[in-house]
Visitor: 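The structure follows.
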Amino acid sequence: MSRPPSVDQLARSLTPTGLPHPLAVEVARQAIADDAVEAVEERARHRLRRMLTPVINATGVLLHTNLGRAPMAHAMDAGYANLELDLTTGRRGSRQAAVGELLATACGAEAAMVVNNCASAALLGLAAMAPDGPIAVSRGELVEIGGAFRVPDVMAQSGAALVEVGTTNRTRTADYRKAVDEAGVATVLKVHQSNYRIVGFTEEASIRQLAGLGVPVLADIGSGLLDAACPWLDGPPPSWLADEPAARQSLADGADLVMFSGDKLFGGPQAGIIAGSAELVRRCAKHPLARALRPGGLVLSALQETTLAYLRRDGDAIPFWRMVTRTTDELRARAEGMVEAVASGGVRPGAIRVVDTEAMPGGGTLPTVTFPSAGVGLDGDHTDALRHLDVPVIARVDDGATVLDLRTVDPDDDATVAEALRAALTGPGAGASGGAGAGS
Ligand SMILES: *Cc1c(COP(=O)(O)O)cnc(C)c1O
């Protein structure tokens with residue numbers, strides 16, 4: 001047996017993988033330490049796998065949190081831009097002005113601004129109102145959204161004193177009224193329950209009712225539906241959106257500020273949008289936290305593009321709404337084409353077929369909603385193999401079969417997916433994983 005290679009030699013042997021030298025050195029050093037020199041290339045591939053890479057989402061979950069929520073079409077150079085320069089006067093401007101004005105128009109608000117995400121928006125909105133006095137929240141809305149966003153904790157971080165009103169299942173306007181009259185509540189926060197539902201013996205106060213209390217009403221609507229009428233769609237709004245709070249209607253009903261995510265139903269980049277009265281938006285913008293929570297130019301330009309699509313009523317330009325409006329007939333036709341393409345390549349008849357599926361909005365929105373969709377099914381669990389391809393395809397397993405929902409797959413990717421399926425069904429190991437659970 002020859003001596004183990006030097007770290008440098010081994011690292012250099014990894015050059016063809018494309019791994020930058022310092023990373024190749026780390027991988028080589030670890031492989032030698034683990035006495036696993038023969039596996040060094042595989043380890044290099046694993047290392048490359050940990051970097052961000054585009055994937056094909058075949059899960060049918062439109063806003064998949066693990067896959068970056070809303071997909072986006074965005075094309076602007078990351079070169080110089082008039083981020084904080086007013087081109088008409090030549091003076092310093094605000095980075096919030098350009099997109100803020102577009103968003104205000106889109107929501108029907110006096111003003112709007114952008115922060116990093118909805119959690120930042122809620123934090124900033126509450127911090128801006130905290131000096132006025134305690135803030136009331138219904139006990140039914142002291143929710144956890146996920147990723148440790150918990151309303152009571154955000155409230156505490158904002159410096160605002162929390163006054164809980166009502167009960168878990170029923171909170172009336174009178175409960176808020178009492179808090180304003182007797183506990184000195186100066187602001188009311190309404191929080192959308194987003195990722196869970198209380199059903200049965202329930203009652204909540206509407207924004208319109210809260211607006212009659214005489215104190216500012218903040219609404220964290222989270223999911224970011226811009227307008228319940230969905231004027232950017234050709235047809236009527238999808239029925240599953242019926243109970244979803246929308247920014248425009250919340251403001252029209254009397255909310256002084258609404259806060260929502262940019263990358264949920266809005267279909268844009270990760271961002272938090274604060275829209276409402278000019279005075280309160282100015283208060284948020286002037287708060288010292290605003291600087292810490294401000295987005296960069298890349299996010300603002302992407303958000304501008306999404307907002308312009310809404311203003312043009314061009315839902316087709318927003319990938320999320322394109323996915324929503326695909327008909328099941330259209331999806332089934334694509335699935336049939338895919339099955340044909342794969343089956344012609346020496347695959348056992350019946351190993352791949354068109355299936356009806358249920359897609360869902362995801363992203364912590366509309367937890368009880370699914371809508372009909374279609375895709376392809378394969379016997380056995382092939383999710384590992386599909387995930388390990390150069391362009392990873394993320395699928396799910398249902399009843400021992402691999403299911404790919406085409407609603408979340410861009411039609412331009414169909415050929416890539418078909419190729420991936422053929423590889424999964426005919427490649428090495430196809431029989432082994434294909435057999436498992438196939439007959440159950
Ligand atoms: C999703 C959500 C948040 C958090 O939004 P991020 O953009 O992920 O920070 C906050 N509040 C509500 C009601 C939500 O639905």
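When a ligand or atom number is given, it counts from 1 through the structure's own listing order. FYI, side chains are in, hydrogens and waters are out, and symmetry mates aren't considered; it's all heavy atoms of this structure. Numbering starts at 1 and runs along the sequence shown.
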Visitor: How would you list, by chain and number, every residue that makes a ring-ring contact (aromatic ring centres under 6.0 Å, His included) with Phe149, sequence neighbours excluded?
Guide: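 In terms of ring-ring contact (aromatic ring centres under 6.0 Å, His included), with neighbours along the sequence ignored, Phe149 is linked to no residue.
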
Visitor: If you measure only the distance, is there a donor-acceptor pair under 3.5 Å linking the side chains of His192 and Glu141?
Guide: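 No, because no side-chain N or O of His192 sits under 3.5 Å from a partner of the opposite role on Glu141.
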
Visitor: Could you verify whether a donor N or O on one side chain and an acceptor N or O on the other, from Asp405 and Ser373, lie under 3.5 Å apart?
Guide: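 Judged by distance alone, the side chains do pair up.
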
Visitor: Taking distance alone, no hydrogens or angles, what donor-acceptor pairs closer than 3.5 Å link side-chain atoms of residues 213-220 to residues at least two apart or in another chain?
Guide:
| from | atom 1 | to | atom 2 | distance (Å) |
| --- | --- | --- | --- | --- |
| Asp220 | OD1 | Gly222 | N | 3.1 |

Visitor: Classify the angle between the aromatic ring planes of Trp232 and Tyr310 as parallel (below 30°), tilted (30 to 60°) or perpendicular (above 60°).
Guide: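 Rings of Trp232 and Tyr310: perpendicular, over 60°.
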
Visitor: Return all side-chain donor-acceptor pairs below 3.5 angstrom for residues 273-300, not counting sequence neighbours, or 'none' if the list is empty.
Guide:
| from | atom 1 | to | atom 2 | distance (Å) |
| --- | --- | --- | --- | --- |
| Ser277 | OG | Leu280 | N | 3.0 |
| Arg283 | NE | Ala128 | O | 3.4 |
| Arg283 | NH1 | Asp132 | OD2 | 3.4 |
| Arg283 | NH2 | Ala128 | O | 3.1 |
| Arg283 | NH2 | Asp132 | OD1 | 3.0 |
| Arg283 | NH2 | Asp132 | OD2 | 3.0 |
| His287 | ND1 | Leu289 | N | 2.9 |

Visitor: Around ligand 1, what residues show up once you keep those with a heavy atom under 4.0 Å from it?
Guide: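 These residues qualify: Arg69, Asn117, Cys118, Ala119, Ile145, Phe149, His192, Ser194, Asp220, Gly222, Ser261, Lys264.
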
